[in-house]
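Scope of the values below: all heavy atoms of this structure, side chains included, with no hydrogens, waters or symmetry mates. Residue numbers run from 1 in the order of the sequence given.
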Amino acid sequence: HGCEAVIVNNNPETVSTDFDTGDRLYFDPLTEESVEHIIATEKPWACVVQFGGQTAIKLTKHLTKLGVKILGTSADAIDEAEDRERFDALLEKCGIPRPQGHTVFTCEEALAAGAQLGYPVLLRPSYVLGGQNMIIAYNENDVREYMAIITSHVDMSNPVLVDKYLMGTECEVDAICDGEDFLIPGIMEHIERAGIHSGDSISIYPAQTLTEHIKRVIIDYTEKLAKALHVVGLVNIQYVVYNHEVFVIEVNPRSSRTVPYISKVTGVNMVDIATKIILGAKLKDMGYKSGLYPVGDYIAVKVPVFSFEKLNDVDNQLGPEMKSTGECLGIAKTFSEALLKGLIAAGYKLHHEGGVLISVKDGDKNEIIEIASRFEQLGFKIYATSGTASVLNRNMIAASHAYRIGKGDPDVIQLLESGKIQYVISTSETGRQPSRDSVKMRRKAVERSIACLTAIDTANALLDCLEMHKTVNDVELVDITKI
């Protein structure tokens, strides 16, 4: 297009990944002051913020004040997606439901919102990156603890958002819009239920459990939102399907971490198309029809990678705050084989015999019965803490009692150190504190390189792989350049 491209990237790895992507590369922090100096030096014709994630779109207002033209989705549309009251008004206008919620500034307002919505609720600051400072509160004490921390550490010029927590199936789309037509390369479904950050959940393309009706609703809502926000370029929308109804969780008028993943597996080069659209091209001129792109022959599974062994005392219980540091991709003709590849690539050692230690919160005890039964049928020995063991034994699943730390022999730490345990399934309503027994148990599993599953849905997915009785040598090798 005859444009000279100047890239500003704050990632140390940028010198090896982006050095030849633009004409000039600035390895600098994406802060107002730093970017201002670059603008003064380069005097650009325009600026593109939608490829820099949340950090970049937060600079949009400041760039507009400096008189810099924003290419693609406008600064006002970005604010409309991020500002709770404006976004609620937009959804109302489009007739799209979202989980009930309130904006609050004080602890008293948060407690009133929690009481009105009914627990559990999701608490998060506005304009967050990676689910930072986001929690699920199960009672008033959780709200008090959260608000005390947040009001002392976070700039309260923007409110805290309190939403009703819906325990449904989470799915997301990355779409491209040119102002008239829109293209969805694929709908991704998360294995773990809503409440675990999208970056930490195992994601499947194409969606495996959504009905045709739900898919049509998601396509319809995506079109309405993209057009109402006047999106030009990329947009990421996250949905939760709860009681056969689709709710919008959030809309990000930018590229997301799933764009490279969905581009690889569909063959739709999203960044290339979006860049052309930002510079004035139209989807139909590039040969794309409006709507959902046809589904291919392969199933792709994105599995997160964690670095807990390098981070002392960090609880590996997954939740709304993102903890993963990378991701792997598994591709195969069946979901189980794709997941097997993804899990092995992410560093999971898939043992087909040994012991499983289970300790789950009361809300998960009904579902753990089926999981423990499947492990038992595969020949695993079941160990469980007192409450969980009691439930399993009452349901005719032989579970050996593992004592709380220091309360008997063997306790959970001794058991993990004995080498008898290959998998740990641990869920708890409260975490974060390194002094809690549940956190110590999960940390010990990390130290011993034992697979630790902190969501019921992840355990079910792992069992799907184990029940195939296959290793990675038994599955087809797929050439990603030819799918």
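H197 and E321 are not linked by any side-chain donor-acceptor pair at a separation below 3.5 angstrom, with hydrogens and angles left out of the test. A donor atom on one side chain and an acceptor atom on the other are not found under 3.5 Å apart for Q100 and D163. With no hydrogens or angles considered, no side-chain donor-acceptor pair links T169 and Y242 at under 3.5 Å.
Annotation for P304 and G199: closest pair CB-O, 3.7 Å, computed over non-hydrogen atoms. Of all heavy-atom pairs spanning S336 and C465, the tightest one is O-SG, 3.6 Å.
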side-chain contact (heavy atoms from CB on, under 4.5 Å) between N316 and F306, worked out:
CA-CA 9 Å; N316 54 338; F306 301 94; over 6 Å; no
Step-by-step side-chain contact (heavy atoms from CB on, under 4.5 Å) determination, V160 to F105
CA-CA 6 Å; V160 168; F105 287 93; over 6 Å; no
Tell me, with the steps shown, if N460 and R374 meet side-chain hydrogen bond (donor to acceptor under 3.5 Å, both in side chains).
CA-CA 9 Å; N460 271 318; R374 288 169 72 187; 2.9 Å; yes
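D200 places a side-chain N or O within donor-acceptor distance of the main-chain N or O of K323, the cut-off being under 3.5 Å. Within the 3.5 Å criterion, the main-chain N or O of T471 finds a donor-acceptor partner in the side chain of D474.
Between E337 and K470 there is a salt bridge, with a side-chain nitrogen of the basic residue lying less than 4.0 Å from a carboxylate oxygen of the acidic one. A salt bridge links D362 and K365; the closest N-O separation between the charged side-chain nitrogens and carboxylate oxygens is under 4.0 Å. Salt bridge annotation for R86-D79: present, with a cationic side-chain nitrogen under 4.0 angstrom from a carboxylate oxygen. The existence of a salt bridge linking D220 and R216 is excluded, since no basic side-chain nitrogen approaches an acidic carboxylate oxygen closer than 4.0 Å. Note on K58 versus E82: no salt bridge recorded, every NZ/NE/NH1/NH2 to OD/OE distance being 4.0 Å or above.
Taking the six-membered ring for Trp, F380 and Y423 have ring centres closer than 6.0 Å.
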